[in-house]
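So you know, we letter chains A, B, ... as the sequences are listed, proteins then strands, and number each from 1. Quick caveat, the model's predicted, so the values are computed rather than measured.
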Amino acid sequence: MGALRFVLVLSLMLLYSGGAWASEALYLVTSDQSPWVSVDRTEVRALFIGKKKSLKRIPCAPLIYLGEPDYSRFIKEVVKNSPQRFERNWKKMLFSGKATLPMRKENMEEVFSALRENTSRVSFSLLKTEAEGIKFIPIR
Amino acid sequence: MEAGLKLSFDPEVHGFASQGYVHSTGRDFLVKESSDGGSFNLFEAAINVSNSFSPKTHASVQFLSRDFGDEGNYDVELDFGYVDYRFAPELGFRLGKVRLPLGLYNEFRDIDASRAAIFHNQAIYSEEFRSFLNAYQGVGVYGGLAHAKHSFLNISYNAFWGNTSIPDDFYLNREYEARLPSPGFKLAPDKMMGFHLSWDAPLEGLSLGYSYTLMEAHFGLGIPGLPAMEHALDFKASQSVISLFYQWGDWAFSAERMSFLLDANFVPAYESILSALPPEASLPLRGAFASLSEDVEAWYVQLEYETLVDVFPFISYGEFYANKDNKGSIGSYRKDLTIGFRYDLNEWVYGKIENHFMHGHSAVNTFRQSTKDDDWNLFVARVAVSF
C-alpha cells in the first residue's frame, strides 16, 4: 500500500511538472529562409531564457508572441516557468547587461512581419497555419 | 563571422527606481540610525542603455544612483558598462566593467525586480561588502557546454581577471577612519580574479554551482607621528561559495555555503616602524587591524513560492560566523530568520515587506548599539518601479 501511494504521488509530481506530458504540439516559427528543420525543447528553452543565443549553433534572437493561449502554454511547457518568473529572468538579464529584452508582438501577423524582416528571429505558436514566407517547425 | 546576419543599432532604454524604509531594534544594522526611529536612507535608481548589434554582439551600460546609509548619497556612478561578444555557445568574451559572478545571486544583487526579498540573505550577500564585490573591471570569458541527449554535460562557466574599484565611502574605509587618527586612510585594490561554474543536473529544475573569487589590495596609512606610507598593509580576501538551486513548479529552493578568508599583514617596511615603537603605542595599531584577518563561514537556505494572485512569499534562514573556529561565544555569530513577501501591483510597480528575526550580532557595524540583547529585529519595506 505504501509503495502504491509512493507511485501515485510520484506520478502526480511528474504530471504537474508539465514535462513530457504535454498533449499538443508547439511550433517554432521562423522565416522560410532560415536554416532550421528540427529543434528540441532543451535548446529552445535555452534560447528563450537567454542562456544561449543560437539554435543548432546558428545565431538567432527570440521573439515573444504574447497571444494566448500560445504564450502561457509555451512558457509552461517549453520554458518550464511561470510567466512572472519568466519576465523576472529577463529583467535579470537586462539589468546585469547580459542581454536586451526580446522583441514582443501582440498578434501573429506582427510576428510574421518581424520574422520576414529578419531571418535570424524565431518565435513560437500553438497552431500551424499557412503564411507566406513563414515555416513552422515542431518543437520535439 | 557575422556575414548574413542583419546588424542593428536600435538602443533600448530601461530603468528602475525604489524607495525603502528600514527599522531595527536595539542596534543599527546596514543603515545608520536604523534603530533611532528608522531610516529612509534606502534609495536607488538606475538607467540602462543596451543594444544588440547582432545575436552575437551586444553592449550595455547602466548608471546607478543610490543612498544606502552613509554610502552612495545619491552620487551617480557607472554601475557597469561592457561589450559582449559570443563567439560560440562554448565561448564568449566580456570587456569593461562587468557584474561579478559569485554564487547564485551576486551578479543580480542590485536587481531588486528579480527577486521576492529586499535584501538577499546577509549571511553571504552582505550589503556592507557590496562596493568591492559588485563588479570587476577587466576581461571575462564565459560559455556553456550543453548536450540535448547527455544532460550530465550541461555545464556553464564564467571566469574573469582584472580589478575592482572601491569607493571612499566603503564601510571599511569609514570604520578605520573612525577608529584611527588616520586621515587619508584608504583601501586600494590591486587585482581581482575568479570564476563561477554551474551544472544543470539531469533532474529537471536542479542546478549546482561553485564560485571562487580572489581580491588583493593594500591600505595606505598616514597616522600622525608616524611616516605616511601609501602601501603599508597588504590585504587579501578570498571567497568560495557552493550553491544549490531547485525549482519545482511554483516553488524555488536555494541553499549556499560560503567560506571567506581575510588576511591582512603589514609590509616589512611598516612592520619595522611598528617594531621600533613602545608596546603601548604599537599594540593598539596592531589590534585595530587584527580583525581584518578572519576566517568567515556562513550559509543560508531559502524557499520562495509563486501564488496565483501576484503575491510572492518567501522564507530564509542563514547563519554567519566571523571566525569558523570560534562559533560559540557571544558576538561570534549572527543568525537571521527572514520572512517576507512581494506584491506585484502591475507589470511595472511592486512592493515588498520583510522582517529579519536576528539572533547574535557578529559583524554588525557598531554605529549605535543600545542593547546587549542577542535577539533583535530588522524590518524593511520597499516600493519600486521598473520599466
Side-chain angles (χ1 to χ4, degrees), chain A residues 12-20 31 33-35 38-47 49-62 76 79-103 117-122 140, chain B residues 2 4-6 8 10-12 14-16 46 48 50-52 54-56 58-62 79-82 84 86 88-89 92 94 96-99 105 107-108 110-116 144 146-149 151 154 156 200 204-205 247-250 252 306 310 312 344 347 386:
Chain A
L12 285 171
M13 285 169 62
L14 288 170
L15 188 67
Y16 184 76
S17 72
S31 159
Q33 303 298 309
S34 72
S38 70
V39 288
D40 68 50
R41 285 170 189 247
T42 306
E43 54 192 348
V44 173
R45 178 178 186 270
L47 177 69
I49 62 171
K51 208 167 183 178
K52 277 191 164 181
K53 295 182 180 179
S54 61
L55 277 176
K56 305 276 187 231
R57 308 188 68 84
I58 300 165
C60 57
K76 183 178 176 183
V79 179
K80 299 200 187 301
N81 240 325
S82 66
Q84 295 93 333
R85 192 166 272 138
F86 176 68
E87 296 298 332
R88 288 209 299 271
N89 175 69
W90 277 106
K91 286 202 169 157
K92 280 166 67 172
M93 301 296 286
L94 171 70
F95 289 120
S96 61
K98 291 185 173 185
T100 50
L101 293 181
M103 183 180 284
E117 190 182 271
N118 190 329
T119 59
S120 66
R121 291 182 182 137
V122 299
R140 292 182 277 112
Chain B
E2 302 208 70
L5 291 173
K6 267 192 147 184
S8 77
D10 186 20
E12 296 179 12
H14 298 273
F16 58 82
N48 175 295
S50 303
N51 187 75
S52 284
S54 75
K56 285 192 173 186
H58 87 269
S60 184
V61 63
Q62 180 161 301
D79 195 22
F80 61 79
Y82 64 94
D84 185 324
R86 190 86 182 249
R94 293 179 176 130
K97 185 174 184 182
V98 187
R99 303 306 299 263
Y105 301 119
E107 283 179 294
F108 318 112
D110 287 343
I111 309 170
D112 185 73
S114 69
R115 60 181 183 265
H147 199 289
K149 286 182 185 172
S151 56
N154 287 344
S156 57
D200 290 337
E204 193 174 285
Q247 184 183 327
W248 182 54
D250 292 330
E306 289 201 13
D310 298 327
F312 309 101
D344 285 2
E347 65 182 284
S386 75

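Of the N and O atoms on the side chains of B:Glu107 and A:Ser96, not one donor lies less than 3.5 Å from an acceptor on the other residue.
Residues passing the side-chain contact (heavy atoms from CB on, under 4.5 Å) test with A:Asn89, sequence neighbours excluded: A:Ile49, A:Met93. When the ring pair (Phe, Tyr, Trp, His ring centres under 6.0 Å) test is applied to B:Phe16, the partners found at least two apart in sequence or on another chain are A:Phe95.
Between A:Lys51 and B:Arg86 the shortest heavy-atom distance is O-NH1, 3.4 Å. Taking both residues in full, the closest heavy atoms of A:Lys53 and B:Pro55 are given as CD-O, 3.2 Å, listed atom of the first, atom of the second, then distance. Nearest heavy-atom pair, B:Ser114 versus A:Arg88, reported as atom, atom and distance to 0.1 Å: O-NE, 3.6 Å. The nearest pair of heavy atoms linking B:His58 to A:Gly97 is NE2-O, 2.6 Å. Of all the heavy atoms in A:Pro59 and B:Lys56, the pair that sits closest is CG-CE, 3.6 Å. Residues B:Asn51 and A:Thr100 approach most closely at N-CG2, 3.8 Å, considering heavy atoms.
Under a 4.0 Å N-O distance rule, the pair A:Arg45/B:Glu204 does not qualify as a salt bridge.
For the atom pair B:Ser60 OG and A:Leu94 CG, the distance stands at 6.5 Å (nearest 0.5 Å). Note that the CD atom of A:Gln84 and the CG atom of B:Asp310 stand 5.5 Å from one another [nearest 0.5 Å]. Annotation: the span from B:Glu347 atom CD to A:Lys91 atom NZ amounts to 7.5 Å, rounded to 0.5 Å.
When heavy atoms are compared at a cutoff of 4.5 Å, B:Gln247 approaches chain A solely by way of its side chain, counted from C-beta outward. Only the backbone of B:Arg115 has a heavy atom closer than 4.5 Å to any heavy atom of chain A. For chain B, the nearby parts of A:Arg85 are the backbone and the side chain; heavy atoms of each come within less than 4.5 Å. With a threshold of 4.5 angstrom between heavy atoms, B:Glu12 approaches chain A through side-chain atoms but not through N, CA, C or O. With a 4.5 Å cut-off on non-hydrogen atoms, A:Ser54 touches chain B through its side chain but not through its backbone.
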